[in-house]
Amino acid sequence: MRFILFISLLLIGKAGIAQTYEQVKKRFDKYLNYKGGLDKYVDISPEQITLYEYKTGKKETELVLSKNEWSSFVTLCKKLSPDSMQKIYEKKKAKGSSYRIEHGAPDKMLCSIPGKPLCEKKIMIDPGHMAGTMQMARIEQKYLHFSQQNCPNLKLDSLDIAEGILTFQTASILKKMLEEKGVTVALTRKENATSFGCTYEEWIKNHKKRTLDSLLKIKKIVAQKHKWLMKMNKGKFFVEFFKDFELLQRSRVINTFKPDLTVIIHYNVDEKNVPWEKPSNKDLCMAFIPGCVLNDNLETTAGKINFLRLLLSDDVDKSEKVSGLLVEELSKNLDVPIAKSSDATYLNEHCTATSSAGVFCRNLALCRLVQSPLMYGECLYQDHETECYELLKNTENKYGVQTNKRVVLAAESFYNAIIRNFTP
Ligand SMILES: [Zn+2]
């Protein structure tokens, strides 16, 4: 029996975008299909998209999505919970029966205030990482520590920078700037906290055992791994388990908010300056957008749904546009050069350059999981020989946030890019 989706009310939603074959094919070739790695797994024709699997060693059809289902699929992805979407996918895969999809409550109508043109927008800001102290920055391994011992030319006895503090300050300033324009803004985390709404220490104390026990119960981890993780100290546990687990939670927090745009804030380092004990002479800005999907990402149902959403929505196209504006603003305001593919191994080997300068497709967890257009900005290199001193200063107070000029300029760059993006 023909499979029918009853989605009349869902089509009212903002995500129901008609997609032509040409748009979808171009998106696949330009952003998603990194070095042809998905050729065996995905076929796109003017009539349908077919996903293939090779579980038995033979090529088998996993799912067929005909052209007239493309738009509704995206709408459903953005409206429904991941669990509901997985059920739809499994039913679609099994074929045979028709069913009705209950729609959720309609989106809340936002305000319309004269002089506040962005008041209907919802923006989620993700301050990268979580440290609000050097102690936590060391646990999450997102810190710089320069000392005269390692670096005799250092102008100070020692110098410490935590990326999570810089990103939180930037996010806090940007939030206030956008709120003044009437934008509804939320942050994925509080100061020195995880996206679970508590500090890492509190999570370890109150939630580690319970979480691992429930993962064991639903067979997401085996008994041996459970035992191994339970015994682990908090530094190792962060790297082995918590870092990725927390990113999943971040994506849930973001997607629950249903933003029009997600802003992910990071500060970079020179990868060749490892182990970051002395300043570097490189300073660059760049931004990441979704893309470069690997066949490994298509192993689970959730992964396939994410891929289809990226393929069938214009989130990636919109991400490139706003990220291109961001890189322009960062470079102009901070006077930092724009990164090229040849500037870093990860850009050259794992990313695709787009036609917007400094904007690269990168297969990062948040790039795959966030269900909105996004700008993932890497503002500057913290370990640069002048930046590292500038980032230590505490001379500026913006909206009650005590910080340095570089952070204020970074926040203004995000703000300008957002305003330009949403202003016709
Ligand atoms: Zn970072």
Side-chain angles (χ1 to χ4, degrees), residues 124-145 160-174 187-195 200 235 238-239 242-251 253-254 262-276 280 282-290 319 323 326-327 330 334 336 339 343-347 350-351 358-370 374-384 387-388 390-392 403-404 406-407 409-411 413-414:
M124 175 59 91
I125 307 177
D126 177 40
H129 313 294
M130 50 198 88
T133 63
M134 282 312 296
Q135 188 200 3
M136 184 58 210
R138 283 175 190 273
I139 290 174
E140 65 172 346
Q141 299 182 9
K142 291 292 169 187
Y143 72 98
L144 292 176
H145 174 72
D160 294 279
I161 297 171
E163 186 185 346
I165 295 177
L166 299 177
T167 62
F168 192 81
Q169 290 174 345
T170 314
S172 303
I173 295 169
L174 178 61
L187 263 55
T188 53
R189 65 174 180 91
K190 296 192 171 75
E191 191 171 12
N192 195 34
T194 69
S195 58
Y200 178 55
F238 186 94
V239 176
F242 191 77
K243 186 169 168 269
D244 291 343
F245 188 70
E246 201 266 351
L247 278 176
L248 276 178
Q249 174 64 12
R250 266 182 213 229
S251 70
V253 170
I254 294 168
T262 300
V263 179
I264 301 165
I265 302 174
H266 284 260
Y267 287 82
N268 214 340
V269 286
D270 174 4
E271 52 152 9
K272 304 250 162 55
N273 192 26
V274 68
W276 300 290
S280 142
K282 279 185 102 172
D283 198 4
L284 296 163
C285 62
M286 65 188 81
F288 301 121
I289 63 169
S319 298
S323 300
L326 172 67
V327 171
L330 287 170
L334 291 160
V336 171
D343 282 320
T345 312
Y346 55 87
L347 294 179
H350 304 292
C351 298
V359 180
F360 301 88
C361 292
R362 192 172 183 190
N363 192 20
L364 296 166
L366 285 185
C367 285
R368 284 194 306 275
L369 298 171
V370 166
L374 62 89
M375 56 208 305
Y376 190 121
E378 295 277 4
C379 306
L380 49 79
Y381 281 13
Q382 303 161 79
D383 54 347
H384 178 257
E387 297 284 17
C388 65
E390 289 300 315
L391 294 172
L392 280 186
T403 186
N404 60 75
R406 306 303 281 167
V407 161
L409 288 170
S413 302
F414 279 100

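In each ligand, atom 1 is the first atom listed, and ligand 1 is the first ligand listed.
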I'd like to check the side-chain hydrogen bond (donor to acceptor under 3.5 Å, both in side chains) partners of D270; sequence neighbours left out, ordered by chain and number. S280

Whether E378 has an N, O or S atom under 2.8 Å from the Zn ion (ligand 1): no

Taking side-chain hydrogen bond (donor to acceptor under 3.5 Å, both in side chains) as the definition, give me every residue that meets it alongside T403, ordered by chain and number, with sequence neighbours left out. Q169

What is the NE2(H129)-the Zn ion (ligand 1)-OE2(E163) angle, to the nearest 10 degrees? 100°

Flag the pair L391 / L380 as yes when at least one side-chain heavy-atom distance between them is below 4.5 Å, and no otherwise. yes

Using a distance-only test with no angle check, is there a side-chain donor-acceptor pair under 3.5 angstrom linking T194 and Q249? no

Check H266 and report its N/O/S atom nearest to the Zn ion (ligand 1), by atom name. ND1

